[in-house]
Amino acid sequence: MKKQLIAGNWKMNGSSQSNVALVSALAAGAANAQCQIAVCVPAPYLGQVQSLVAGTRIDLGAQDVSQHESGAFTGEVSATMLREFSTRYCLVGHSERRQYHGETDAVVAVKAQRALAAGITPIVCVGETLAEREAGRTEEVVKRQLAAVIHTNGHCISEIVVAYEPVWAIGTGKTASPEEAQQVHAVLRAQLQAATAHADRVLILYGGSMNAANAAQLLSQQDIDGGLVGGASLKAADFLTIIAAAR
Ligand code: 13P
């Protein structure tokens with residue numbers, strides 16, 4: 001059976017000092033974990049956290065990647081650069097990137113392609129806003145977002161990780177119920193099945209106010225293969241509780 005993946009998204013948090021304390025505590029507490037573990041850190045800390053996770057159960061992740069390979073793109077970080085730090089995962093299309101940086105489905109699809117070409121597993125984020133959910137458009141929105149990535153990445157699609165993050169549940173303390181989340185995950189699984197014979201291999205994570213109290217129930221759903229954790233990944237005890245709930 002495939003192992004679940006618990007990935008922390010630190011967002012724009014951390015410091016050289018606090019990173020040492022957090023990662024050391026995670027490494028010690030997760031030494032015997034059943035699941036796969038990753039931390040997606042701000043780009044300036046990739047080198048530091050690469051050293052901190054070396055020889056531990058924790059893999060390194062980035063939070064974004066440029067859609068371009070190299071060149072005059074001030075401020076951007078390429079997939080090849082990320083790979084130099086042994087980056088295993090990279091978030092692409094997080095709703096905060098879509099919302100604040102205007103990333104379109106097409107841009108997200110190319111970013112996933114760049115990551116794959118560099119040997120990095122893209123964690124492709126999809127999810128509906130509250131208005132879209134209330135209008136009954138959840139399925140249509142997540143399917144459109146994933147379709148762009150499938151279209152651009154073809155047979156490589158079985159190499160991605162998908163994260164379903166309802167925008168209304170991010171940082172709000174409101175979680176999708178395990179049944180609501182499972183329903184969307186099943187839709188995404190079916191869409192992957194139509195695109196690849198290896199859809200069962202693809203991990204589909206849930207994200208949005210996952211915490212120490214609600215993780216076990218969410219992670220027990222059939223098509224929930226792990227979690228993408230924001231706020232609770234910054235507290236070692238909470239993140240370790242979520243890791244312990246995963247299989
Ligand atoms: P929270 O866990 O803080 O709601 O954030 C979820 C998220 O956006 C992870 O990528």
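Numbering of ligands and ligand atoms starts at 1, following listing order.
- Using a cut-off of 4.0 Å between Lys/Arg side-chain N and Asp/Glu carboxylate O, Arg133 and Glu128 are scored as salt-bridged.
- A salt bridge does not link Lys3 to Asp225: none of the charged side-chain nitrogens sits closer than 4.0 Å to a carboxylate oxygen.
- Heavy-atom contacts from other residues, nucleotides or ligands closer than 6.0 Å to CD of Gln183 number 12 or fewer.
- By the 3.5 Å distance cut-off applied to N or O atoms, Thr172 is not counted among the residues near ligand 1.
- Closest to atom 5 (O) of ligand 1, if we only count protein heavy atoms, is Lys11 NZ, 3.3 Å.
- Considering backbone and side-chain N/O atoms, Gly207 never comes within less than 3.5 Å of an N/O atom of ligand 1.
- Criterion: ILVMFWY side-chain heavy atoms under 4.5 Å apart, direct or through other members. Under it, Val187 and Val124 are not part of a common hydrophobic cluster.
- Residue Ala169 touches ligand 1 through its backbone alone, judged by heavy-atom distances below 4.0 Å.
- Of the N or O atoms in Glu96, none lie within a sub-3.5 Å distance of an N or O in ligand 1.
- Here Asp200 does not pair with Lys2 in a salt bridge; the nearest charged N to carboxylate O distance is not below 4.0 Å.
- The shortest N or O to N or O distance between Gly230 and ligand 1 is below 3.5 Å.
- Residue contact check: Gly231 has heavy atoms under 4.0 Å from atoms 1 (P), 2 (O), 3 (O) of ligand 1.
- A continuous path of Ile, Leu, Val, Met, Phe, Trp and Tyr side chains, each step under 4.5 Å between heavy atoms, connects Tyr206 with Val202, placing both in one hydrophobic cluster.
- Each of the following atoms of ligand 1 lies closer than 4.0 Å to a heavy atom of Ser209: 1 (P), 2 (O), 4 (O).
- Glu165 OE2, 2.8 Å is the protein heavy atom nearest to atom 9 (C) of ligand 1.
- The shortest N or O to N or O distance between Leu228 and ligand 1 is not under 3.5 Å.
- Contact annotation: the side chain of Leu192 approaches that of Ile204 to within less than 4.5 Å [non-hydrogen atoms, C-beta and beyond].
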